[in-house]
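Let me begin by presenting the structure, written as structure tokens, before commenting on it.
Convention: sequence-line order gives letters A, B, ...; per-chain numbering from 1.
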2 protein chains.
Amino acid sequence: MRYHRSDIVDRAIGVLDEYGLESLTMRRLAAELDVQPSALYHHVPNKQTLLAAVADEIVRRGRRPRRAETWDGRVVELCGELRDAMLAYRDGAEVVVTAHTFGLGAREPVAELRRCLRDAGLTEEVGDVAARTLLHLVFGHTVEEQTALQATSAGAIDRSPWGPTDFERGLDLVLDGLRCRVRD
Amino acid sequence: MRYHRSDIVDRAIGVLDEYGLESLTMRRLAAELDVQPSALYHHVPNKQTLLAAVADEIVRRGRRPRRAETWDGRVVELCGELRDAMLAYRDGAEVVVTAHTFGLGAREPVAELRRCLRDAGLTEEVGDVAARTLLHLVFGHTVEEQTALQATSAGAIDRSPWGPTDFERGLDLVLDGLRCRVRD
DNA sequence: ACCTGAACACCGTTCAAGT
DNA sequence: ACCTGAACACCGTTCAAGT
């Protein structure tokens, strides 16, 4: 039985979660699949593309049903889902953010955020700026949070400065600004 | 005449700006200084530390005199200065953000931001959350902006979606939320 | 103290050759 | 079509030896 692209991505996520991003090399992944490094290039054009696929899959696996009925409740839900998705795998935030930086993968969350803000009655311009702002917030916070979490679990620092509500508080700051504009 | 640490950092910024982050290798930098790669390790313990020093220097070179008299004007000034500092060198945003992610370098801007928000009368808690939120915003926006700018100058895309006021608009969103809290 | 030269243990990627 | 085996052109870092 031969491998498919999804097998490579699945195994890549396994290596990522178990050994971290710095250990996720093409050679290491190939060894894990009992295959020559060159064999991977029949399923994926290069490492960057593989990492983008990994990022997409991490985000996809974190999807949850929508519950909130207000637009701002939905924003909190969306951002929380994205954060949890990234935190679910070691170095997940790093991978997703890097992929997004290069314009690859993980485009679905920002699209959904934008739709949500448009439905709230914001202009296309304000909605787009707000969607990007919120995404930057979620990305920045989560990378920092995950770095701190992984540092503490490695025994480097004793306690992290992250309360469970720290994320929501940053979010609320932006939402306050948005709620003003919605009412206009 | 022997090299000093600052010579290595200066030259590293030169290589970064001219050839980009992917070309800034220890071996390339050594060649540029007409020295063996191993010689660099007498001035810097490893590449990560060197990049943190590069990040600090990029931020330091961007410093400008303070003019604003209101606290929110000062926040805009501070964030604008940091953005301009990172945009001044090729891949500058990437380098500064990465260093910050690993808890190295570029700690001064966030400290100044925090002082500014405390002086505005915010509680220590809200001020800290806000300072991090603003930093994430500046970092996220600027990395994206620089990637777009460098892509267009490489001829990949024709026009960028970044108006000159796009940055300030995202900032204003957060500032609106903060201004509400200051008045309480 | 600062640098050289050589080595160690890796990378991502390509490509002819096999099945 | 999918994989092997070998190679190419690199990395960061270490360390004995020189001056």
Presence of Ser38(B) side-chain N/O under 4.0 Å of dC3(C) phosphate oxygens OP1/OP2: no
His42(A) vs Arg27(A), nearer the 5' end of DNA chain C by closest nucleotide: Arg27(A)
Matching residue for Leu21(A) among Val15(A), Leu51(A), Val54(A) - test: side chain to side chain contact (heavy atoms under 4.5 Å, CB included): Leu51(A)
Below 4.0 Å: OP1/OP2 of dC2(C) and any side-chain N or O of His4(B): no
Rounded interatomic separation in angstrom, taking OH from Tyr41(B) and C1' from dC11(D): 9 Å
Test of ring centre spacing under 6.0 Å for Phe139(A) and His136(B): no
First encountered from the 5' end of DNA chain C, between Ala39(B) and Pro45(A): Ala39(B)
Gap between atoms OH and P, on Tyr3(A) and dC2(D) respectively (whole Å): 14 Å
CD/Gln150(A): more than 12 non-hydrogen atoms of other groups inside 6.0 Å: yes
Whole-Å distance separating the CD1 atom of Ile8(A) from the P atom of dC3(D): 7 Å
Same-atom distance (C1') from dC10(D) to dC8(C), integer angstrom: 15 Å
Between dG12(D) (P) and Arg28(B) (CZ): distance, integer Å: 12 Å
His43(A)-Tyr3(A) aromatic ring centre distance below 6.0 Å: no
Spacing of the C1' atoms in dA7(C) and dC11(D) (rounded, Å): 14 Å
Thr25(A), nearest nucleotide to its side chain (from dC2(C), dG12(C), dT13(D)): dG12(C)
Stepwise salt bridge (charged side-chain N to carboxylate O under 4.0 Å, His left out) check, Arg181(B) with Asp176(A): CA-CA 10 Å; Arg181(B) 281 176 173 76; Asp176(A) 278 355; 2.7 Å; yes
Nucleotide opposite dA7(D) in a Watson-Crick or G-U pair, distances under 3.5 Å: dT13(C)
His43(A) NE2 to dG12(C) P, straight-line distance once rounded to whole Å: 18 Å
Short side-chain N/O contact to dC3(C) OP1/OP2 from Gln36(B), under 4.0 Å: no
Separation of dT13(D) C1' from Leu40(B) CG (nearest whole Å): 11 Å
Asp34(B) CG to dT4(C) P, straight-line distance once rounded to whole Å: 9 Å
Base partner of dA1(C), which must satisfy Watson-Crick or wobble distances under 3.5 Å: dT19(D)
Euclidean distance, atom CG of residue Leu29(B) to atom P of dC10(D) [Å, nearest integer]: 17 Å
